[in-house]
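To keep things clear, I will list the structure first and then write my remarks on it.
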Amino acid sequence: QVQLVESGGGLVQAGGSLRLSCAASGRTFSSYVMGWFRQAPGKEREFVAAIARNGGSTFVANSVKGRFTISRDDGKSTVYLQMNSLKPEDTAVYYCAAAQNARVGNHPAQYDFWGQGTQVTVSS
């Protein structure tokens, strides 16, 4: 089992940047596929980005492609989400998730463990 704790959220103006971090407990962080999802009020949780176990493959949603980058540091048991050129529609609670399945997925049901979320608010 792994516990996930997100940080780095906050209030930023449109066009600004934030970097989210997700620190994981346990010794087997490198064995998990890691993902970021977000959920805005009244909307379903949606996929943002994911990264394979070895970090060799990354995937991002079309809505954030070219603006968001996912990365991981297995030595620090941490996954990051660099968010640039933020837009008001990026406002949501952002969740970190870990999947034991080696296949990188974009559906919440494919992930086994979740953090508590961090709020990102982008003002216009």
Side-chain angles (χ1 to χ4, degrees):
Q1 189 161 350
V2 62
Q3 292 184 330
L4 306 172
V5 179
E6 302 98 334
S7 61
L11 174 64
V12 63
Q13 289 187 334
S17 298
L18 283 174
R19 188 176 81 155
L20 304 183
S21 299
C22 173
S25 65
R27 304 179 187 176
T28 58
F29 176 78
S30 60
S31 68
Y32 292 98
V33 167
M34 299 300 298
W36 286 97
F37 291 77
R38 66 186 182 185
Q39 189 166 17
K43 295 188 176 181
E44 293 186 351
R45 192 166 297 191
E46 67 170 349
F47 171 76
V48 177
I51 187 166
R53 287 174 172 177
N54 60 8
S57 298
T58 61
F59 304 89
V60 295
N62 288 335
S63 59
V64 304
K65 192 167 292 184
R67 300 188 297 121
F68 291 12
T69 303
I70 187 171
S71 62
R72 65 189 296 162
D73 184 337
D74 288 349
K76 294 183 179 180
S77 298
T78 301
V79 62
Y80 304 98
L81 185 67
Q82 179 66 43
M83 306 186 295
N84 299 328
S85 302
L86 283 160
K87 305 175 181 179
E89 50 263 44
D90 295 318
T91 294
V93 177
Y94 282 71
Y95 297 91
C96 171
Q100 295 175 307
N101 194 318
R103 182 176 180 179
V104 179
N106 62 358
H107 194 283
Q110 295 175 286
Y111 289 79
D112 304 292
F113 305 104
W114 293 83
Q116 82 289 347
T118 185
Q119 176 70 47
V120 172
T121 303
V122 184
S123 63
S124 57

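Since the model is a prediction, treat every value here as computed from it, not as a measurement. Scope of the values below: all heavy atoms of this structure, side chains included, with no hydrogens, waters or symmetry mates.
- Residues Tyr80 and Phe29 fall into different hydrophobic clusters, defined by Ile, Leu, Val, Met, Phe, Trp and Tyr side chains chained together at heavy-atom separations under 4.5 Å.
- Heavy atoms only, all atoms of each residue included: Val79 and Met34 are closest at CG1-CE, 3.9 Å.
- A disulfide bond (SG atoms under 2.5 Å apart) check over residues 34-89, counting only residues at least two apart or in different chains, returns nothing.
- In terms of the side-chain hydrogen bond (donor to acceptor under 3.5 Å, both in side chains) criterion, residue partners of Thr121 (sequence neighbours excluded) are, by chain and number, Gln119.
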Considering only distance and modelled atom types, tabulate donor-acceptor pairs under 3.5 Å from the side chains of residues 4-14, sequence neighbours left out.
residue	atom	partner	partner atom	Å
Glu6	OE1	Gln116	N	3.0
Glu6	OE1	Gln116	NE2	3.4
Glu6	OE1	Gly117	N	2.9
Glu6	OE2	Cys96	N	2.8
Glu6	OE2	Gly117	N	3.3

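- The cationic group of Arg72 does not satisfy the cation-pi geometry with Tyr32, failing either the under 6.0 Å distance to the six-membered ring centre or the 45° limit from the ring axis.
- The side-chain hydrogen bond (donor to acceptor under 3.5 Å, both in side chains) search around Arg53 returns none, not counting sequence neighbours.
- Val2 approaches Ala24 most closely through the heavy-atom pair CG2-CB, 3.7 Å.
- Nearest approach of Ile51 to Val33, heavy atoms of both residues: O-CG1, 3.5 Å.
- Here Asp73 pairs with nothing under the salt bridge (Lys or Arg N to Asp or Glu O under 4.0 Å) rule; sequence neighbours left out.
- Legend: residues meeting side chain to side chain contact (heavy atoms under 4.5 Å, CB included) with Gln3, ordered by chain and number and at least two apart, are Ser25.
- Interatomic distance, Asp74 CG to Ser31 OG, rounded to the nearest 0.5 Å: 9.0 Å.
- Counting heavy atoms from C-beta outward, Gln110 and Asn101 have side chains that stay 4.5 Å or more apart.
- Among residues two or more places apart in sequence or in another chain, the side chain to side chain contact (heavy atoms under 4.5 Å, CB included) test is passed with Glu89 by Lys87.
- Residues in residues 33-72 take part in these ring-ring contact (aromatic ring centres under 6.0 Å, His included) pairs, two or more places apart or across chains: Phe37-Phe47, Phe37-Tyr111, Phe37-Trp114.
- When all heavy atoms of Gln39 and Lys43 are compared, the pair lying nearest together is NE2-O, 3.1 Å.
- With sequence neighbours left out, the side-chain hydrogen bond (donor to acceptor under 3.5 Å, both in side chains) criterion links Arg38 to Glu46, Asp90, Tyr94.
- For Lys65, the side-chain hydrogen bond (donor to acceptor under 3.5 Å, both in side chains) test picks out Asn62, with sequence neighbours left out.
- Atoms CG and OG1, on Leu81 and Thr118 in that order, are 11.0 Å from each other to the nearest 0.5 Å.
- A disulfide bond (SG atoms under 2.5 Å apart) check over residues 35-93, counting only residues at least two apart or in different chains, returns nothing.
- For Ser17, the side chain to side chain contact (heavy atoms under 4.5 Å, CB included) partners are Gln82, Asn84, not counting sequence neighbours.
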